[in-house]
Amino acid sequence: MLSSSRDSLSNSQLRRENKSLASSAESLRVTVRCRPLSAKEIARLPLEPLPTTFPTPFLPGISTSSTNGASQHLGNGQPPIRHIVSVLNEKVLVFDPPEKNATQSTYHVPGTKRFKNIPYTFDRVFDENATQQEVYENTTKPLIEGVLNGFNATVFAYGATGCGKTHTITGTQNDPGVIFRTMRDLFQCIRDSRNDRITEASVSYLEVYNETIRDLLAPDSAPPTGLELREDDVSVQVSGLSHHSPRDVDHIMRLLINGNNNRTRAPTEANEASSRSHAVLQIHVRTKDRMAGTHASWNTAVLSIIDLAGSERASVTKNRGDRLQEGAKINRSLLALGNCINALCNPATSSHVPYRDSKLTRLLKYSLGGNCRVVMIAAVSPASIHYEETHNTLQYANRAKNIRTKIQKNTVDVDSHIGEYGKIIEVRNL
Ligand SMILES: Nc1ncnc2c1ncn2[C@@H]1O[C@H](COP(=O)(O)OP(=O)(O)OP(=O)(O)O)[C@@H](O)[C@H]1O
């Protein structure tokens, strides 16, 4: 059930407020996070050029040593690499900036200019030192209040394999990512407002693996078959997906840890724990003023947080067999996503977006182009070994800046029965 909490409500029960204040056109907010170099990559950075002669005593105006520009690095005989992303400020980065020491023979695309030196502007750029909290505060946190007031929102991490998507979305126990921080703050907001409003919430978590949808939180007794998508005019639903009523943030975190353990992962050359599936976490929320009386309508919204599988080149991952097949399917669904983004950006084609080309894009239909605030976190690597992937991701993100979504508040009539809303309970005693 991806697109909205309207899933089990009939369309006639769904009423959108079309007041000008509650409805506006917004572009997708596009951010880029550049991860730090890994230890293996650092080992391949060129060291300072070595002197070829011993230093001579200092004589003013005369160089004391000469160099042959030879670079040395500890990369076990592999060619040296260089930084290909330079973050200028919070909004601008340069792809493939000129090297300070351009005598070194590090990677560049044969037959092209030595340095592309392309500046890109995004809504926000995070450099290698950005903390998980900074990324969360400038991507997902601003969506929470809207979700509690009936506005759908989607956050998705896009990028090549091994570039930091899962680190950003899930993170580690010691340094959790967007999901944990969102849940913590969402539950805090619910707790802070419990005297004023009633809030109900439920969570679902699925993966799309090899064009099959799997419930990551399915009870052990559930048959391990793929789930089907059902679609009507206003929503896409996943039939048979389990929904869970969180008691508190710790409960959600336990659910998520279970779900993540169920996610399909495998080591590849590019990433020791590569996610081989697209993971979609959804938090369904509905709220109502306590004082508003029994006839007041509910605000309903869904917050979707998506960790896409990484795009990959077989030559970088050196994948074979199953991994290669998975990679082909991952690339195909990401290509379908790219085609949808292209179509949504172009007014001439935006009425014919090819959502049906993959499960992923069918699932995301109302979370990309629909009634939804969308934040994209494009994850990139600063190492020249990922030159093409980083360039592609930046171009992809740059195009996505042109998508416009129409935001409307979702309200449902008070007479919609709670049973129709799925297994949702009031979040009490927080
Ligand atoms: N900002 C960061 N700070 C520190 N380490 C990071 C950061 N981003 C990524 N890493 C590390 O880089 C490695 C690859 O990151 P991650 O698994 O998040 O990549 P991914 O994009 O999700 O890859 P895949 O698509 O293959 O699943 C991990 O070891 C991760 O801990």
Side-chain angles (χ1 to χ4, degrees), residues 31-44 81 83 85 87 93 124-139 155-181 207-210 216 256 259-281 305-319 322-335 337 360 376-383 385-386 388-390 392-394 396-397:
T31 67
V32 174
R33 183 181 199 180
C34 182
R35 72 155 166 77
L37 290 171
S38 67
K40 268 192 202 163
E41 290 162 348
I42 289 171
R44 288 177 62 180
I81 64 166
H83 277 92
V85 177
V87 175
L93 61 79
R124 181 72 193 222
V125 175
F126 303 101
D127 70 13
E128 307 176 16
N129 302 314
T131 62
Q132 299 278 68
Q133 182 65 12
E134 265 171 70
V135 174
Y136 161 67
E137 280 180 6
N138 292 282
T139 55
V155 179
F156 70 97
Y158 175 89
T161 182
C163 288
K165 297 177 298 298
T166 304
H167 181 83
T168 298
I169 296 293
T170 306
T172 60
Q173 203 150 5
N174 292 335
D175 197 12
V178 160
I179 289 181
F180 172 81
R181 289 164 206 270
E207 72 171 358
V208 185
Y209 171 70
N210 277 354
L216 291 174
L256 288 177
N260 284 338
N261 289 341
N262 291 335
R263 195 171 169 196
T264 309
R265 279 207 186 76
T268 67
E269 179 84 7
N271 186 358
E272 277 167 20
S274 180
S275 309
R276 313 303 293 162
S277 66
H278 311 292
V280 180
L281 173 84
I305 303 180
I306 302 167
D307 180 8
L308 295 170
S311 57
E312 53 191 55
R313 278 189 305 144
S315 58
V316 171
T317 56
K318 299 201 180 109
N319 288 344
D322 286 352
R323 299 287 86 78
L324 193 62
Q325 293 297 323
E326 284 169 1
K329 288 228 163 81
I330 290 169
N331 286 346
R332 205 174 308 150
S333 55
L334 291 172
L335 181 67
L337 183 63
L360 177 71
M376 171 178 186
I377 306 173
V380 296
S381 155
I385 36 174
H386 299 121
E388 276 85 358
E389 293 86 337
T390 294
N392 286 343
T393 300
L394 292 173
Y396 205 98

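Atoms within a ligand are numbered from 1 in the order they appear, just like the ligands themselves.
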Criterion side-chain contact (heavy atoms from CB on, under 4.5 Å) on Leu394 and Leu93, from CA distance to verdict
CA-CA 10 Å; Leu394 292 173; Leu93 61 79; 4.0 Å; yes
Below 4.0 Å from ligand 1: does a non-hydrogen atom of Ala379 turn up there or not?
no
Carboxylate-amine/guanidinium proximity below 4.0 Å for Arg35 and Glu41:
yes
Can you confirm whether the side chains of Gln133 and Arg181 place a donor and an acceptor under 3.5 Å from each other?
yes
Take every heavy atom of Pro36, measure it against each atom of ligand 1, and state whether any distance is under 4.0 Å.
yes
Quick check on contacts: which atoms of ligand 1 are under 4.0 angstrom from a heavy atom of Ala160?
21 (O)
Check if Ala130 has a non-hydrogen atom at a distance under 4.0 Å from any atom of ligand 1.
no
Gly162, any N or O under 3.5 Å of ligand 1 N or O
yes
Mind checking whether Lys165 has an N or O less than 3.5 Å away from an N or O of ligand 1?
yes
Element-labelled atoms of ligand 1 that are located less than 4.0 Å from some non-hydrogen atom of Cys163
19 (O), 20 (P), 21 (O)
Is there at least one pair of N or O atoms, one from His167 and one from ligand 1, spaced under 3.5 Å apart?
yes
Provide the number and element of each atom of ligand 1 under 4.0 Å from a heavy atom of Arg33.
1 (N)
Kindly confirm or rule out an N or O of Asp307 lying under 3.5 angstrom from an N or O of ligand 1.
no
Near Gly310, which atoms of ligand 1 are under 4.0 Å from a heavy atom of that residue?
25 (O)
Minimum non-hydrogen distance to atom 15 (O) of ligand 1, winning option of Ser38, Gly164, Cys34
Gly164
Taking the side chain from His278 and the backbone from Val208, do they hold a donor-acceptor pair closer than 3.5 Å?
no
Identify whether the distance between the nearest side-chain nitrogen and carboxylate oxygen of Arg263 and Asp307 falls below 4.0 Å.
yes
